[in-house]
Amino acid sequence: MPDKTLFEKIIDREIPADIVYEDAQCIAFRDINPQAPTHVLVVPRKPIPTLDDLTEEDAPLVGHLFLVAQRIAADEGLTGGYRTVFNCKADAQQTVFHIHLHVLGGRSFSWPPG
Ligand code: 5GP
(Lines give C-alpha, C1' and ligand atoms only; values in the text may rest on other atoms or scores of the structure.)
Protein backbone atom coordinates (compact mmCIF):
# COMPACT_ATOMS: atom_id res chain seq x y z
CA MET A 1 0.00 0.00 0.00
CA PRO A 2 1.37 3.46 -0.86
CA ASP A 3 1.71 5.96 1.98
CA LYS A 4 -1.51 7.75 2.84
CA THR A 5 -1.83 11.35 1.79
CA LEU A 6 -2.22 14.00 4.48
CA PHE A 7 -5.87 14.31 3.54
CA GLU A 8 -6.44 10.53 3.73
CA LYS A 9 -5.12 10.77 7.30
CA ILE A 10 -7.70 13.48 8.01
CA ILE A 11 -10.41 11.31 6.39
CA ASP A 12 -9.32 8.38 8.61
CA ARG A 13 -9.29 10.64 11.71
CA GLU A 14 -5.56 10.10 12.23
CA ILE A 15 -5.01 13.87 12.05
CA PRO A 16 -7.60 16.21 13.57
CA ALA A 17 -9.45 18.74 11.44
CA ASP A 18 -12.50 20.98 11.76
CA ILE A 19 -14.82 18.93 9.55
CA VAL A 20 -17.86 20.82 8.29
CA TYR A 21 -19.38 18.23 5.94
CA GLU A 22 -18.87 14.66 4.75
CA ASP A 23 -20.65 12.07 2.67
CA ALA A 24 -19.83 8.84 0.85
CA GLN A 25 -17.74 10.62 -1.78
CA CYS A 26 -15.99 13.48 -0.03
CA ILE A 27 -15.12 15.34 3.13
CA ALA A 28 -14.88 19.09 3.74
CA PHE A 29 -12.87 20.74 6.51
CA ARG A 30 -11.48 24.17 7.37
CA ASP A 31 -8.04 25.04 6.02
CA ILE A 32 -5.40 25.16 8.75
CA ASN A 33 -4.03 28.42 7.26
CA PRO A 34 -7.14 30.27 6.11
CA GLN A 35 -6.80 32.88 3.37
CA ALA A 36 -10.29 34.30 3.95
CA PRO A 37 -12.87 34.31 6.78
CA THR A 38 -14.27 31.13 5.21
CA HIS A 39 -11.67 28.77 3.75
CA VAL A 40 -12.86 25.19 3.41
CA LEU A 41 -11.25 22.35 1.45
CA VAL A 42 -13.55 19.87 -0.28
CA VAL A 43 -11.64 16.63 -0.72
CA PRO A 44 -12.72 13.43 -2.48
CA ARG A 45 -12.19 10.24 -0.51
CA LYS A 46 -10.48 8.89 -3.62
CA PRO A 47 -6.82 10.06 -3.42
CA ILE A 48 -6.36 11.51 -6.92
CA PRO A 49 -2.96 13.31 -6.88
CA THR A 50 -3.59 16.19 -9.29
CA LEU A 51 -6.21 17.43 -11.73
CA ASP A 52 -4.06 15.92 -14.49
CA ASP A 53 -4.79 12.47 -13.06
CA LEU A 54 -8.56 12.78 -13.51
CA THR A 55 -10.21 10.37 -15.91
CA GLU A 56 -13.63 10.37 -17.53
CA GLU A 57 -14.95 8.16 -14.73
CA ASP A 58 -14.14 10.92 -12.21
CA ALA A 59 -16.38 13.48 -13.95
CA PRO A 60 -19.44 12.86 -11.70
CA LEU A 61 -17.20 13.02 -8.62
CA VAL A 62 -15.77 16.40 -9.61
CA GLY A 63 -19.27 17.71 -10.30
CA HIS A 64 -20.27 16.51 -6.85
CA LEU A 65 -17.40 18.45 -5.25
CA PHE A 66 -18.80 21.65 -6.75
CA LEU A 67 -22.28 20.90 -5.44
CA VAL A 68 -20.77 20.40 -2.00
CA ALA A 69 -18.96 23.74 -2.40
CA GLN A 70 -22.31 25.36 -3.19
CA ARG A 71 -23.81 23.81 -0.07
CA ILE A 72 -20.92 24.96 2.13
CA ALA A 73 -21.19 28.49 0.74
CA ALA A 74 -24.89 28.49 1.66
CA ASP A 75 -24.18 27.08 5.14
CA GLU A 76 -21.51 29.75 5.67
CA GLY A 77 -23.86 32.52 4.54
CA LEU A 78 -21.70 33.56 1.58
CA THR A 79 -24.57 35.34 -0.13
CA GLY A 80 -22.27 37.90 -1.75
CA GLY A 81 -20.31 35.24 -3.59
CA TYR A 82 -17.24 33.11 -3.11
CA ARG A 83 -14.26 31.73 -4.96
CA THR A 84 -13.47 28.09 -5.78
CA VAL A 85 -9.95 27.02 -6.71
CA PHE A 86 -8.16 23.82 -7.69
CA ASN A 87 -4.40 24.35 -7.71
CA CYS A 88 -2.65 21.97 -10.11
CA LYS A 89 1.06 21.21 -9.75
CA ALA A 90 4.05 23.49 -9.16
CA ASP A 91 3.14 26.60 -11.14
CA ALA A 92 -0.13 26.86 -9.22
CA GLN A 93 1.61 26.17 -5.87
CA GLN A 94 -0.13 22.85 -5.22
CA THR A 95 1.34 21.51 -1.97
CA VAL A 96 -0.89 18.55 -1.09
CA PHE A 97 -1.07 15.92 -3.81
CA HIS A 98 -4.61 14.78 -3.18
CA ILE A 99 -6.97 16.99 -5.15
CA HIS A 100 -9.02 19.45 -3.16
CA LEU A 101 -11.39 22.26 -4.03
CA HIS A 102 -10.72 25.43 -2.06
CA VAL A 103 -13.90 27.32 -1.11
CA LEU A 104 -13.04 30.86 -0.07
CA GLY A 105 -15.40 33.59 1.03
CA GLY A 106 -16.30 36.29 3.50
CA ARG A 107 -14.25 39.00 1.81
CA SER A 108 -13.91 40.33 -1.73
CA PHE A 109 -11.15 38.98 -3.96
CA SER A 110 -9.10 40.64 -6.65
CA TRP A 111 -8.54 39.43 -10.20
CA PRO A 112 -6.15 38.35 -11.64
CA PRO A 113 -5.08 36.16 -8.74
CA GLY A 114 -1.48 36.39 -7.57
P1 5GP B 1 -2.71 23.52 -2.10
O2 5GP B 1 -1.58 24.50 -1.94
O3 5GP B 1 -2.18 22.12 -2.30
O4 5GP B 1 -3.70 23.92 -3.15
O5 5GP B 1 -3.53 23.58 -0.76
C6 5GP B 1 -3.22 22.81 0.36
C7 5GP B 1 -3.95 23.45 1.51
O8 5GP B 1 -3.95 22.53 2.59
C9 5GP B 1 -3.30 24.73 2.02
O10 5GP B 1 -4.21 25.81 1.91
C11 5GP B 1 -2.91 24.40 3.45
O12 5GP B 1 -3.07 25.49 4.33
C13 5GP B 1 -3.84 23.26 3.79
N14 5GP B 1 -3.30 22.34 4.78
C15 5GP B 1 -2.04 21.83 4.81
N16 5GP B 1 -1.92 21.00 5.86
C17 5GP B 1 -3.12 20.99 6.50
C18 5GP B 1 -3.60 20.30 7.67
O19 5GP B 1 -2.90 19.52 8.32
N20 5GP B 1 -4.89 20.54 8.03
C21 5GP B 1 -5.70 21.39 7.32
N22 5GP B 1 -6.94 21.55 7.77
N23 5GP B 1 -5.28 22.03 6.22
C24 5GP B 1 -4.00 21.83 5.81
Test item: Asp53 side-chain N/O and Thr50 main-chain N/O as donor-acceptor pair under 3.5 Å: yes

Pairwise distance CD1(Ile19) to CD1(Ile27) - rounded to 0.5 angstrom: 3.5 Å

From CG (Leu61) to SG (Cys26), nearest 0.5 Å: 7.5 Å

Atom pair CG (Leu104) and CD (Glu76), whose distance is rounded to the nearest 0.5 Å: 11.0 Å

N/O donor-acceptor pair under 3.5 Å between Arg13 side chain and Ile11 backbone: yes

Residues Glu22 and Arg45 bridged, charged N to O under 4.0 Å: yes

Distance, nearest 0.5 Å, that separates NZ of Lys9 from CD1 of Ile15: 5.5 Å

Ring pair (Phe, Tyr, Trp, His ring centres under 6.0 Å) partners of Tyr21, counting only residues at least two apart: none

Test salt bridge (Lys or Arg N to Asp or Glu O under 4.0 Å) applied to Lys46 and Glu57, step by step: CA-CA 12 Å; Lys46 181 178 178 183; Glu57 75 166 22; 3.1 Å; yes

CG (Asp3) with more than 12 external heavy atoms under 6.0 Å: no

Mutual orientation of the aromatic rings belonging to His100 and Phe7 [parallel < 30°, tilted 30-60°, perpendicular > 60°]: perpendicular

Check: Gln94 side chain, Val96 main-chain N or O, donor-acceptor pair, under 3.5 Å: yes

Donor-acceptor contact present, side-chain His98 to main-chain Pro44, <3.5 Å: yes

Backbone of Ser108 reached by a side-chain donor or acceptor of Arg83 within 3.5 Å: no

Asp91 CG: over 12 foreign heavy atoms closer than 6.0 Å: no

Verdict with reasoning, His64 to Asp23, per side chain to side chain donor-acceptor pair (under 3.5 Å): CA-CA 11 Å; His64 179 71; Asp23 62 26; 2.7 Å; yes

